[in-house]
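What you see is a predicted model, and the numbers here were worked out from it, not measured in a lab.
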Amino acid sequence: MSSKFLIMSIVLIGISLLLLLTLAFYYYQFRKLDTKSKKYGLVLPIITVSLISISEIMGIITAVIYKPDLLNSNTGAIITTVIGMICIAGSVVSLFFFIPYYGVALTKDSINLIGEKIDNKNIVKIISDTRTPYIFVFYKQGKRVIKKVKFSTKMVDASFFDEKITGIKVDSEDALAYHNKTIRNK
């Protein structure tokens, strides 16, 4: 039973190392882009790297304090494993849902996020929302699906999406009304 903690610590170390290397690779690719303008997020990437590093440390601590024969003395291994898994889950959630806050770059033919690219030819509309402090980019993914990406105006403003580069004018309107009118009614 208690050897599962050692396996979990090895899995925890492996997953956190893989996440850290993947994030470093994507940032390296993002930095190499030849862009017209580029913005980096600061708070969320630092929090994510900190969570991944904490889970790495928790995996190492679990491997160090693991005692194979004594079931009752593995309380510390249980606690460090749970903390490490929670940190990994938090970092994966932030990577999945908040990727526009890590960085955005504008090239002559696309809008690039960390690990994602939106071609200018697929952009349907760019809206500076009048109700909220966000800028929405509506784009086609495939033939029929229209998706949106939300950018905070604290990170980028409407002038970041230059009409000369993207070929699309930034409109000031209610993004929710546009979404309901065009996308939901199809």
* Who pairs with Ile13 by side chain to side chain contact (heavy atoms under 4.5 Å, CB included), at least two apart in sequence or on another chain? -> Glu56, Ile60
* Kindly compute the distance separating CD1 (Ile118) from CG (Leu113), expressed to the nearest 0.5 Å. => 5.0 Å
* Asked: For Ser55 and Gly84, which heavy atoms make the closest approach, and how far apart are they?
  -> CB-O, 3.3 Å
* **Closest approach of Gly90 to Leu51 (non-hydrogen atoms, all atoms of both residues)** => C-CD1, 4.1 Å
* **Side-chain heavy-atom pair Val145, Lys140 within 4.5 angstrom cut-off** => no
* To do: Could you tell me whether the side chain of Val156 reaches within less than 4.5 Å of the side chain of Val104, counting heavy atoms only?
  => yes
* So do the side chains of Ile88 and Ser16 get within less than 4.5 Å of each other, counting heavy atoms only? -> yes
* OG1 of Thr81 to CD1 of Ile61: how many Å apart, nearest 0.5 Å? -> 10.5 Å
* Please assess Leu95 against Leu19 for the test side chain to side chain contact (heavy atoms under 4.5 Å, CB included), listing each intermediate value before the final yes or no. => CA-CA 10 Å; Leu95 283 170; Leu19 275 174; 3.9 Å; yes
* To do: For residues Val49 and Leu23, determine if any side-chain heavy atom of one lies less than 4.5 Å from a side-chain heavy atom of the other.
  => yes
* **Partner set under ring-ring contact (aromatic ring centres under 6.0 Å, His included) for Tyr139, not counting sequence neighbours** => none
* Asked: If you take all heavy atoms of Asn120 and Thr107, which pair is closest and at what distance?
  -> ND2-O, 4.1 Å
* Asp171: partners by side chain to side chain donor-acceptor pair (under 3.5 Å), with sequence neighbours left out -> Lys125
* To do: Enter the distance from Asp174:CG to Arg131:CZ here, rounded to the nearest 0.5 Å.
  => 4.5 Å
* Taking only residues at least two apart or on different chains, which pairs with a member in residues 79-88 satisfy salt bridge (Lys or Arg N to Asp or Glu O under 4.0 Å)? -> none
* Could you state whether Ile46 and Tyr101 fall into the same hydrophobic cluster, counting links through intermediate Ile, Leu, Val, Met, Phe, Trp or Tyr residues with side-chain heavy atoms under 4.5 angstrom apart? => no
* Look at the side chain of Asn112 and the backbone N and O of Lys117, then say whether any donor-acceptor pair between them is shorter than 3.5 Å. => no
* Please identify each residue that fulfils side chain to side chain donor-acceptor pair (under 3.5 Å) with Ser94, with sequence neighbours left out. => Thr48, Tyr102
* Which residue pairs satisfy the side-chain hydrogen bond (donor to acceptor under 3.5 Å, both in side chains) criterion with at least one member in residues 20-34, sequence neighbours excluded? -> none
* Could you state whether Ile7 and Ile79 fall into the same hydrophobic cluster, counting links through intermediate Ile, Leu, Val, Met, Phe, Trp or Tyr residues with side-chain heavy atoms under 4.5 angstrom apart? => yes
* Structure fact -> Applying salt bridge (charged side-chain N to carboxylate O under 4.0 Å, His left out) to Glu116 and not counting sequence neighbours gives none
* **Rounded distance [0.5 Å steps], OG in Ser9 versus CE in Met58** => 13.0 Å
* Asked: Taking atom SG of Cys87 and atom CD1 of Ile15, what is their separation to the nearest 0.5 Å?
  -> 13.0 Å
* Asked: Do Ile78 and Leu6 share a hydrophobic cluster, counting only Ile, Leu, Val, Met, Phe, Trp and Tyr and linking them when any side-chain heavy atoms are less than 4.5 Å apart?
  -> yes
* List the atom of Ile146, the atom of Phe138, and the distance in Å for their closest heavy-atom pair. => CG2-CB, 4.4 Å
* Asked: Roughly how far apart are Lys181 NZ and Leu176 CG, rounded to 0.5 Å?
  -> 12.0 Å
* Asked: Looking at Ala105 and Leu33, what are the two nearest heavy atoms and their distance?
  -> CB-CD1, 4.3 Å
* Which hydrophobic side chains are connected to Leu21, either touching it within the sub-4.5 Å cutoff or through other members that do? -> Leu17
* Considering residues at least two apart in sequence or located in another chain, which fulfil the side chain to side chain donor-acceptor pair (under 3.5 Å) criterion with Thr80? -> Thr62
* So do the side chains of Lys38 and Leu106 get within less than 4.5 Å of each other, counting heavy atoms only? -> no
* Would you say Met85 and Met8 make side-chain contact, with heavy atoms under 4.5 Å? -> yes
* Cluster check Val93, Leu18: I/L/V/M/F/W/Y, side chain < 4.5 angstrom -> no
* Who pairs with Tyr40 by ring-ring contact (aromatic ring centres under 6.0 Å, His included), at least two apart in sequence or on another chain? -> Phe30
* Asked: Heavy atoms, side chains only, cut-off 4.5 Å: are Val137 and Ile123 in contact?
  -> yes
Side-chain donor-acceptor distances from residues 147-154 under 3.5 Å, at least two apart:
unit_1, atom_1, unit_2, atom_2, d
Lys147, NZ, Gln141, OE1, 3.1
Ser152, OG, Lys154, N, 3.1
Thr153, OG1, Pro133, O, 3.0

* Residues in side chain to side chain donor-acceptor pair (under 3.5 Å) with Asn122, at least two apart? -> none
